[in-house]
Structure formats: C-alpha cells, structure tokens
Amino acid sequence: KYEIKDSPFYYTKVAAALGLKTVDLLEENVIITPELIEKYDYKLEKINGKHYEGTVCKLVNGGSFKIRSKPYDSMK
C-alpha cells in the first residue's frame, strides 16, 4: 500500500530516518495534462547527467502509472 505525504510512513520520511537515498522527485502536486505527459514521454532525456528512464505518477486515489521515456527505450 502506498502512503500519502502526510503519513509518517511516506517513503521520503522513512528513507530519511534510515539514512537511505531516494529517487529524485521531479514535480509534486501537478495536474497531469497531455503536455506534461509529452514532456516525460518524449522531451526529457537526462536528469542530473543520467539517462532518464521514466516517471511514476502517483494518483490521489492511491493508484499509479509509469510514463516510459521514448528516447531511453530507443537506446536499447
């Protein structure tokens, strides 16, 4: 089960308490639009000098989905 941001068990809080690194948060509290999907699907190739594989979008209802990077997939 995913925890919400206000929970003491939200992954960033647990990771910080344990001294663990987490993946970069690209954006928070955004409305998913066709333009945002296009940005993560086609336009973003690297983050912090590393190849960008994709983005997991967590929904307020607890669900999630991943937007795979087409440039990353084309390197395989």
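Treat the numbers as computed from the prediction; the structure is a model and nothing was measured.
Here the shortest heavy-atom pairing between Lys13 and Pro8 reads CB-O, 3.8 Å. In terms of heavy-atom proximity, Ala15 sits nearest to Thr22 at CB-CG2, 3.3 Å. Nearest heavy atom pair, residue Leu44 against residue Ser69, reads O-OG, 3.7 Å. In plain terms, the two heavy atoms of Ile31 and Leu36 that are nearest each other are O-CD2, 3.8 Å. Contact detail for Ile67 and Cys57: the closest heavy-atom pair is CD1-SG, 3.8 Å.
Phe9 and Val23 fall into different hydrophobic clusters, defined by Ile, Leu, Val, Met, Phe, Trp and Tyr side-chain heavy atoms under 4.5 Å apart, directly or through other members. Following chains of ILVMFWY side-chain contacts shorter than 4.5 Å, one cannot reach Leu26 starting from Tyr72, and the two form parts of different hydrophobic clusters. Linking Ile, Leu, Val, Met, Phe, Trp and Tyr whenever their side-chain heavy atoms come within less than 4.5 Å puts Leu59 and Val30 in one cluster.
For the pair Asn61 (side chain) and Gly63 (backbone), a donor-acceptor distance under 3.5 Å is present. No donor-acceptor distance shorter than 3.5 angstrom exists from the side chain of Lys5 to the backbone of Tyr10, with no hydrogens or angles considered.
Few gaps surround OH on Tyr11; more than 12 heavy atoms of other groups in view lie less than 6.0 Å from it.
Atom CD of Glu35 is separated from atom NZ of Lys43 by 8.5 Å, given to the nearest 0.5 angstrom. Note that the CD1 atom of Ile37 and the CZ atom of Phe65 stand 5.5 Å from one another [nearest 0.5 Å].
Partner of Tyr40 under the side chain to side chain donor-acceptor pair (under 3.5 Å) criterion, chosen from Glu27, Lys66, Arg68: Glu27.
By the 6.0 Å and 45° rule, Lys46 does not stack over the aromatic ring of Tyr52.
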